[in-house]
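All remarks here apply to the structure that follows.
Every chain is numbered from 1, with letters handed out A, B, ... down the list of sequences.
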Amino acid sequence: MASHTPEHAAGNTSSKMDKLTALCRRRGFIFQSSEIYGGINGFWDYGPLGVELKRNLKDAWWQDIVRCAPPGPDGQPIDMVGLDCTIIMNRKVWEASGHASGFNDPMVDDRESKQRFRADQLFGLYAGPHTGNSAADRAAVLAAVAGGIAPIISIIASTGGEAAEVLERQGKKLFKERNVPLQISEIAAEFVLLKERGEPRLGVLAAVPIDVLRGRPLEIPSPFTQKTGVLTEPRQFNLMFQTHTGAVQDDSSMAYLRPETAQGIFANFRNVTDTSRVKIPFGIAQIGKAFRNEVTPRNFTFRSREFEQMEIEFFIHPEQAAEWYRFWRDVRFKWWQSIGLTSANLQLREHDRDELAHYAREGAGTSDIEYRFPFTAPGFGELEGVAHRTDFDLRQHAQFSGLGDKLKYFDQQRNERYFPHVIEPSAGADRGTLAILCEAYQDDPGRPSGVVMKFHPRMAPIKAAIFPLVDKDGMPEIAGNIYNDLRKTWNVEMDVKQNIGKRYARMDEAGTPYCFTVDTQTLSDQTLTVRHRDTLAQERINVAEIRNFLSKKLEP
RNA sequence: GCGGGCGUAGCUCAGUGGUAGAGCGUCACGUUGCCAACGUGAAUGUCGAGAGUUCGAAUCUCUUCGCCCGCUCCA
């Protein structure tokens, strides 16, 4: 795998992505939203081919998750029901979920270097006394941090461990920029042994408290230059879109566009259990739009401000969390492979415990199913997150709605009332579509189009094309009959214009896996040629066999 | 949001103050008949947008919008 460089590893990454976006535009997969008005940043439209592709992805998900859910760990069929809830909900939903307060990350700017970072990712190196009594020294320096002393050096990191790594790697450079006569002699996790002018001191790496940052930003050294006096106070960036319900726009009518579909499922948990006879373990699935005011939408459709999610909330008894977490993680990874993401560009990555979201920190784990996009290579970008959300959301809604224990689930078999835990596989439909496009794209100088989209037949926007070799001698009529029959079941196209090579080339760019061509021989023996997109090979089959042929090729 | 780069036909680009162009693609007709072939013809432009300078702006200036790269964010 690693032995041969993927064609979109560093080097021609941008050119592959440029070619792909050009093809998406040219062939009608994806357009920029409101293009004739100059576009709008972070919003994308799906054209005639794109809408088929994305719909195939969502339909496959719905079929494989809701209508024909996989057997569970015990081999028994899984209980799964669908849901479709509104984008705008009572705003208390977002207070309960934590989005209203937690979804806007305070950001800090370095006024001098014009760089910005998240306030909660700022770590400081704090120095305290070194008496030799390590327990007392640690307590002393931690007390000093809590008391609000300024760090001597600052670092951007998401965890203390990462801060230690940065310090280890760049320690000398950081001290040089600060121009403090300090030396590091030892780093053990977040604790650091320092020497200041030969005098030993105990250092600790700790998050810079937000209230210190807010109150005295000028005393904190910039993580970029280690200069003081350049940082701004943390500022709020609300990532949720706001709107108003009703004609009068005041504070009381303010509402949010949902930033995730999950909360609609939690808010309907009781409705579903009351009406559908599902029993734990069971899942509720939903496909729908969500909206986030991303700081910087970029990388084609990868980070859009309006996007579509395919989410499952799977409700379980807390004791079964680990088992169901592993189950869904593996099922979802295999599913992406089953629809054509078969290369080493797809990977499953288990999160480190300390990078987990607030609701998942105590859980059985979180993992990402990731794809190596041309623009992330050699890194990966997230397609789907599988998280054990514990009972966080249901408990929050129980509290905020005032329903309390009434929102608990009564388990007949266990004779027990409890808040179920939740395993959440949450996939991005637009990101999935983009990964399928990236995976399918193949330069091929050996064919007339120069490029071919090798979609899995189940995902291909056009399943087959029907061509009369010549636009005469009764061939168009035969082709027309076949077309009219096939289109009752599949999205197929007929094309009579121009020479056959041009028509094959167009279908290569659209990623159509099979082309059926009616020729002179068809007139006498009822056979026609099937041209295979991936191999360019041709075979003859009987006209009456076409339905069988396609059914077999298109089954999951 | 900050810094850097870029916006001319569907695509790739030429055009640096004086009538908006080429190739490819698209479409029509003819011809051919299994991989963008050939001939003839046609359509297609708010030169990203707005303002300014000028007798005259695709070209110079300012503003703005969008795209790409970095920081940042994330399904």
For the [atom1] atoms, the ones on [N] and on [M], what distance do you get once it is rounded to whole angstrom?
N: A57(B); M: U8(B); atom1: C1'; value: 14 Å
N: A49(B); M: C65(B); atom1: P; value: 15 Å
N: U53(B); M: U61(B); atom1: C1'; value: 7 Å
N: A22(B); M: C60(B); atom1: P; value: 24 Å

note = In whole angstroms, the gap separating P of C11(B) from CZ of F31(A) amounts to 11 Å
Whole angstrom value for the distance that separates P of G39(B) from CG of N499(A) =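 Interatomic distance, CG of N499(A) to P of G39(B): 13 Å.
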message = With salt bridge (Lys or Arg N to Asp or Glu O under 4.0 Å) as the test, pick out the partner of E308(A) among R431(A), K289(A), R55(A), K54(A).
response = K54(A)
Kindly say whether, by distance alone, the side chain of [X] makes a donor-acceptor pair under 3.5 Å with the base of [N]?
X: R431(A); N: C74(B); result: yes
X: R303(A); N: C74(B); result: yes
X: E509(A); N: A36(B); result: yes
X: E382(A); N: C74(B); result: no

query = Between R27(A) and A429(A), which has a closest nucleotide on RNA chain B that is more 5'?
reply = R27(A)
ask   = Hey, are R533(A) and D508(A) close enough for a salt bridge, meaning a charged N less than 4.0 Å from a carboxylate O?
value = no
ask   = Are E439(A) and Y371(A) close enough that a side-chain donor and a side-chain acceptor fall under 3.5 Å?
value =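 Side chains of E439(A) and Y371(A): pair found under 3.5 Å.
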